[in-house]
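Values in this document were obtained by computation on a predicted structure and should not be read as measured data. Scope of the values below: all heavy atoms of this structure, side chains included, with no hydrogens, waters or symmetry mates.
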Amino acid sequence: MTVTGPKGFRAAGVAAGIKASGALDLALVVNDGPELAAAGVFTRNAVKAAPVLWSQEVLRHRKLRAVVLNSGGANAATGPGGFQDTHATAEKVGEVFETGAIEVAVCSTGLIGERLPMEAVLSGVDIAAKVLDSTSEAALNAATAIMTTDTKPKQSWKSHAAGWSIGGFAKGAGMLAPNLATMLSVITTDALLEGDALDAALRAATRVTFDRLDVDGGTSTNDTVLLLSSGASGVAPGLDDFTELLTAVSLDLVYQLRADSEGATKDVDVVVRGAASEQDAINVGRTVAEDNLVKTALFGSDPNWGRVAMAVGRAQAEVDPATLSITINGVTLFAHGTTAADRSEADLSGRAIELVIDLGIGTSTATIYTTDLSHGYVEENSAYSS
């Protein structure tokens, strides 16, 4: 189960011909109602792709009938023509489902700087509309159609005892950094909530999940997370309960994105505690997560706490070496300004690594989700073309 798990949704993924390989490359997610409430969050990159600009505008109305997504091209840095292509795509979907383009969000992913083959995109919408279904297979095809360098689709679905559920899919394997990581994600629910409530819940959930995924420091031009509600369960949950389940679905997708990120051999949690403020905790965690010396040490299964201490010390945060401690996979290697144990005592031979950095100053915490830096990442990104 994924986006079609909640009642009221259909999906499809087809080969429209956008990719020369003939792989699935266009997806549709359609909300059959009875409600059409929606919300979205987007990249903070100043160079926003045309579909981001379009979808930001239509989400002002907190209402979506459908989402169309393509891989094989980001439609970013394509000028006015690229925006016209996005508009034409939304109009095509609106025409097929007898609704206005203003109720259609558009998402694209792939190589930056090239226009999309619009004949393939528009004909692909027709093809996808004919095979829309509420089955798990249809949802899987949609999740697969948005993959670029991903090796597998990412899906999640969770239900609530009260009779409503949340499901979603995501894509992303490189250019994963703060400000939403780099990805497209569509999340659906049959809970009965208005658009403003969806927006509040989505922002709260992404703040501690998608926004905390940081693989390589590259903030994408196309980041989009959309949340659609059909209200088909007829159940109106409390905002806290809804946000809790939405956060769980989002974190599940984040774990899958991290595990499939380009070249990753380690799944790393950078846990920062004892910070003077949450922002300090985030700044320290992101600095450590993005540091190439730390990341290459982790790739070599080397618990080199000195590199971690170096990264902590250059973060834009209040840091006092006299109160700082660094624990790697359960072994405290540095504490109160000096070595606390031989680094050989920390075992990094497995895939999971936890770096716990206690600043010893305040009570704020944050966790950043990252990976190591391997040969595979360099090879993938020195030859990326789709």
Is there a path of hydrophobic side-chain contacts, each under 4.5 Å between heavy atoms of I, L, V, M, F, W or Y residues, that connects [X] with [Y]?
| X | Y | result |
| --- | --- | --- |
| L64 | L184 | yes |
| F299 | L355 | no |
| I326 | V356 | no |

* Asked: Can you name the side-chain hydrogen bond (donor to acceptor under 3.5 Å, both in side chains) partners of E91, sequence neighbours left out?
  -> H87
* To do: Identify, with sequence neighbours excluded, every residue that meets side-chain hydrogen bond (donor to acceptor under 3.5 Å, both in side chains) alongside S159.
  => none
Does any pair with a residue in [range] pass salt bridge (charged side-chain N to carboxylate O under 4.0 Å, His left out), and if so which ones, sequence neighbours excluded?
| range | result |
| --- | --- |
| residues 93-115 | K63-E103, D85-R115 |
| residues 15-36 | R10-D32, D32-R65 |
| residues 332-344 | D302-R343 |
| residues 265-279 | R207-E278, R212-E278, R258-D269, D267-R351 |

Would you say the side-chain atoms of [X] and [Y] include a donor-acceptor pair closer than 3.5 Å?
| X | Y | answer |
| --- | --- | --- |
| S165 | K158 | no |
| D260 | T151 | yes |
| D240 | T243 | no |
| S325 | D358 | no |
| S349 | D347 | yes |
| D252 | Q256 | yes |

Backbone N or O of [Y] within a donor-acceptor pair of the [X] side chain at under 3.5 Å?
| X | Y | value |
| --- | --- | --- |
| S185 | F169 | yes |
| T206 | D211 | no |
| D133 | A138 | no |
| S55 | A105 | no |

* Name all residues meeting the side-chain contact (heavy atoms from CB on, under 4.5 Å) criterion together with A77; count only those two or more places apart in sequence or in a different chain, and write none if there are none. => I112
* **Residue list, side-chain contact (heavy atoms from CB on, under 4.5 Å) with P237, at least two apart or on another chain** =>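 With neighbours one apart ignored, the set is W164, A191, L193, F242.
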* Give every residue pair that meets the ring pair (Phe, Tyr, Trp, His ring centres under 6.0 Å) criterion with at least one member in residues 130-157, sequence neighbours excluded. => none
* Asked: Can you list every ring pair (Phe, Tyr, Trp, His ring centres under 6.0 Å) pair that touches residues 315-367, not counting sequence neighbours?
  -> W305-F334
* Ion pair present between R203 and D199, side-chain N to carboxylate O less than 4.0 angstrom? ->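 Looking at R203 and D199, the cut-off is met.
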* Structure fact -> Tracing side-chain contacts under 4.5 Å among Ile, Leu, Val, Met, Phe, Trp and Tyr outward from L293 reaches M310
* So which of T144, L24, T109 actually passes side chain to side chain contact (heavy atoms under 4.5 Å, CB included) with S71? -> T109
* Asked: With sequence neighbours left out, what residues match D291 under salt bridge (charged side-chain N to carboxylate O under 4.0 Å, His left out)?
  -> R314
